[in-house]
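One structure, as structure tokens, below. Some questions next.
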Amino acid sequence: MVQEQLSALDIKPSQMAVSVRALDGGNLSLQWQSAKHVSPASTEKIMTTLAALELLGPHYQWYTDFGYEGSIENGVLKGTLHVRGGGDPQYTIEDLWKDVGYLRARGIVRIEGDVVVDRTLFSVTPKEGDFDHQATRPYNKEADAALLNYQSVSLKLEPNQEAGVALVTATPALVGLAYPREVKLTRHKSCYQWRQKLQADVSDPLTPAFDGGFPRGCETKIFSYLVPDANQYWQAALAPIFAQHQIVWTGVVRDGPYTEQVQPLLRSYSDDLATIVRLTNKFSNNVFARHLFLTTGLESAARVMPATYELARETVSDWMINTVGVPSEDFFIENGSGLSRKSFVTARAMTQVLAYGWQSPRMPDWIASFPISGTDGTMMKRSVAPGSAYLKTGLISGVKSVAGIIQAQSGHRYAIFAVVQGSKATYSDEPIDHLIEWVYRRG
């Protein structure tokens, strides 16, 4: 049946690689081109997240520091407010609002100076935006040790059929953000390629415009995009929050070091790593994966700064080879997210990682982070083996993959990795879904 589906899509069997491995004594086994180098796409995240859980621990937390240089007298900070990014991938507007509230509770009512942000914990080159020529899409955001609210704006489009428009609302509230409050509905009954139909212009991220329209057949959608300048984003976000807390500030946000001369005010902690891992895998979050990858390298080197992808690759590769038992020639991890044309794995390597992870003390947190078929995450709409398959999906142009654990109807559990490559690989889920169903029913 799998070959029939491949043929129907004009895909050759040589464009697919598969490994199915029994985890608890089951009789099913399948190896098809399992030694061939293939792209993992986002299934790369299963390696990144398991390495992070094992090497950092599920309770690891990131931080964001606030401090100052100068003096605080009678509620006036005369000098510089410093922010030091500690790599938190999920520091949100709500977190910033809470932390500024703490500064207000400390009695600060006026800041006569700039806000200086230190993001030197990570050293990366902003190049991922060129991956698919979608540099404004949030999933292409490069890692940033002082990342705020994913550095993105979200425009919610709610169709009003009677008025013939979609109402537009924006989050977060940014100073200077001016956006159209409505966009016309088009006659399209299909929601296919709704983003393209909007013909959005975000070249000036604080004044987005829509030159097209929103398909009438769409339900409510979220149009999100990046603000490329990190300091511009911090400034636009900080200004209204200071105002809400009745703190007067007329300075600017700029880069700078958090030195020993900075007097500490506050350290704000992130959610624990197990929570971030769950969000990373359930929703295939590339930014979170990059932060996990970089942090794993950083901590393994006893926080010898800065964190780099080279250091992370060395750390995770050493763990893969010496702990998991995967030969070095069977994988290469570029940035931990799978959004890469350089990363490669073999199918046998991926099921080795799954088999190892199944026995790991961190297995409960790791497996619980995988999307569940027909239930949640990126597997919500795929009803194959519903509720019985915990599968991380992968999708980039020309690659579709899946990796995870299936509990067959027999009760036996199997590790599975499958990938289809080629120009037509992403046209259908059917070949991989038939394989999943075969393991589920025959295993």
Next item on the list: Apply side-chain contact (heavy atoms from CB on, under 4.5 Å) to T207 and list each qualifying residue two or more places apart in sequence or on a separate chain.
Entry: A178, D204
Check: Does H291 reach the main-chain N or O of D144 with its side chain, forming a donor-acceptor pair under 3.5 Å?
Finding: yes
Item checked: Closest approach of A173 to P240 (non-hydrogen atoms, all atoms of both residues) -> O-CG, 3.5 Å
Item checked: NZ/K184: more than 12 non-hydrogen atoms of other groups inside 6.0 Å -> no
Check: More than 12 heavy atoms of other residues, nucleotides or ligands under 6.0 Å from CD of Q161: is that the case?
Finding: yes
Next item on the list: For the residue pair M47 and S317, establish whether any side-chain heavy-atom pair is separated by less than 4.5 Å.
Entry: no
Item checked: Side-chain (Q199) to main-chain (G213) donor-acceptor, under 3.5 angstrom -> no
Note to self: Once rounded to the nearest 0.5 Å, what's the spacing between atom OG1 of T171 and atom CD1 of I222?
What the structure shows: 7.0 Å
Notebook entry, point to check: Can the ring centres of F332 and H37 be said to be less than 6.0 Å apart?
Noted result: no
Next item on the list: May I ask you to test the Q33-S14 pair for a side-chain heavy-atom distance under 4.5 Å?
Entry: yes
Margin query: Measuring only between side-chain heavy atoms, which start at C-beta, is S270 closer than 4.5 Å to T64?
Written below: no
Notebook entry, point to check: Parallel under 30°, tilted from 30 to 60°, perpendicular over 60°: which one fits the rings of Y225 and F223?
Noted result: tilted
Next item on the list: Mark yes or no for whether S401, through its side chain, and P40, through its backbone, hold a donor-acceptor pair below 3.5 Å.
Entry: yes
Notebook entry, point to check: Which residue pairs pass the disulfide bond (SG atoms under 2.5 Å apart) test with at least one member in residues 153-232, sequence neighbours excluded?
Noted result: C191-C218
Note to self: Side chains of Y309 and L294, heavy atoms from C-beta outward: is any pair under 4.5 Å?
What the structure shows: yes
Check: Between T378 and S284, is any side-chain donor less than 3.5 angstrom from a side-chain acceptor?
Finding: no
Notebook entry, point to check: Checking side-chain contact (heavy atoms from CB on, under 4.5 Å) for the pair L30/V18: CA distance, chi angles, key distance, verdict?
Noted result: CA-CA 7 Å; L30 176 62; V18 176; 3.7 Å; yes
Note to self: If we ignore hydrogens and angles and just use 3.5 Å, is the side chain of R290 paired with the main-chain N or O of K141 as donor and acceptor?
What the structure shows: yes
Notebook entry, point to check: Where is the tightest heavy-atom contact between A146 and V117, given as atom of each residue plus distance?
Noted result: CB-CG1, 3.6 Å
Next item on the list: For L157 and L198, run side-chain contact (heavy atoms from CB on, under 4.5 Å): C-alpha distance rounded to whole Å, both residues' side-chain angles, the deciding distance at 0.1 Å, then the answer.
Entry: CA-CA 11 Å; L157 295 99; L198 283 172; 3.9 Å; yes
Next item on the list: Report yes if some heavy atom in the side chain of V399 is under 4.5 Å from a heavy atom in the side chain of R341; otherwise report no.
Entry: yes
Notebook entry, point to check: Are more than 12 heavy atoms from other residues, nucleotides or ligands located less than 6.0 Å from atom CZ of R195?
Noted result: yes
Next item on the list: Determine yes or no for a side-chain-to-main-chain donor-acceptor pair under 3.5 angstrom, with T346 supplying the side chain and A349 the backbone.
Entry: yes
Check: For the side chain of W32 and the backbone of M16, is there at least one donor-acceptor N/O pair under 3.5 Å apart?
Finding: yes
Checklist line | Check: S410 side chain, G443 main-chain N or O, donor-acceptor pair, under 3.5 Å | finding: yes
Next item on the list: Please list, chain by chain and in numerical order, all residues satisfying side-chain contact (heavy atoms from CB on, under 4.5 Å) with D99, sequence neighbours excluded.
Entry: F66, Y91, L266, S268
Checklist line | Contacts of type ring pair (Phe, Tyr, Trp, His ring centres under 6.0 Å), residue F370, not counting sequence neighbours | finding: W366
Item checked: Audit row: Y179, V153, side-chain contact (heavy atoms from CB on, under 4.5 Å) steps and yes/no -> CA-CA 11 Å; Y179 60 94; V153 174; over 6 Å; no
Notebook entry, point to check: Roughly how far apart are T280 OG1 and K392 NZ, rounded to 0.5 Å?
Noted result: 9.5 Å
Check: What residue pairs, at least two apart or across chains, pass salt bridge (Lys or Arg N to Asp or Glu O under 4.0 Å) with a residue in residues 44-58?
Finding: none
Note to self: Using side-chain contact (heavy atoms from CB on, under 4.5 Å), reason through Y150 and V287 one step at a time and then give a plain yes or no.
What the structure shows: CA-CA 8 Å; Y150 319 112; V287 181; 5.5 Å; no
Check: Ignoring hydrogens and geometry, is there a side-chain-to-backbone donor-acceptor pair from S373 to G387 under 3.5 Å?
Finding: yes
Next item on the list: Report yes if some heavy atom in the side chain of V277 is under 4.5 Å from a heavy atom in the side chain of F288; otherwise report no.
Entry: no
Next item on the list: Please round to the nearest 0.5 Å and tell me the distance separating atom CG of L23 and atom CD of Q407.
Entry: 11.0 Å
Next item on the list: Decide if atom CD of E314 counts as having more than 12 heavy atoms of other residues, nucleotides or ligands within a radius under 6.0 Å.
Entry: no
Margin query: Do R21 and Q352 make a side-chain contact, defined as non-hydrogen atoms from C-beta onward lying under 4.5 Å apart?
Written below: yes
Checklist line | Nearest atoms (heavy-atom pairs only) where I93 meets P172 | finding: CG1-CB, 3.6 Å
Check: Between CD of E299 and CG of L56, what distance do you get to the nearest 0.5 Å?
Finding: 6.0 Å
Note to self: Looking at every heavy atom in both D65 and R267, which two are closest together, and how far apart are they?
What the structure shows: OD1-NE, 2.6 Å
Notebook entry, point to check: Just wondering, are more than 12 heavy atoms of other shown residues or ligands nearer than 6.0 Å to OH in Y390?
Noted result: no
Next item on the list: Can you measure from CG (L50) to OG1 (T323) and round to the nearest 0.5 angstrom?
Entry: 10.0 Å
Next item on the list: Decide yes or no for L391 and I416: does some side-chain heavy atom of the first lie under 4.5 Å from some side-chain heavy atom of the second?
Entry: yes
Note to self: Could you check whether any side-chain N or O of Q421 sits under 3.5 Å from a backbone N or O of Q15, counting only pairs where one atom can act as donor and the other as acceptor?
What the structure shows: no
Check: Is the CH2 atom of W319 crowded by more than 12 outside heavy atoms at less than 6.0 Å?
Finding: yes
Note to self: Can you tell me if D211 has over 12 outside heavy atoms packed within less than 6.0 Å of its CG?
What the structure shows: yes
Item checked: Donor-acceptor pair, side chain of Y233 and main chain of P228, under 3.5 angstrom -> no
Note to self: Does K156, at its NZ atom, have more than 12 non-hydrogen atoms belonging to other residues, nucleotides or ligands within less than 6.0 Å?
What the structure shows: no
Checklist line | Within residues 344-354 or reaching into it, pairs that qualify as salt bridge (Lys or Arg N to Asp or Glu O under 4.0 Å) - sequence neighbours excluded | finding: D330-R348
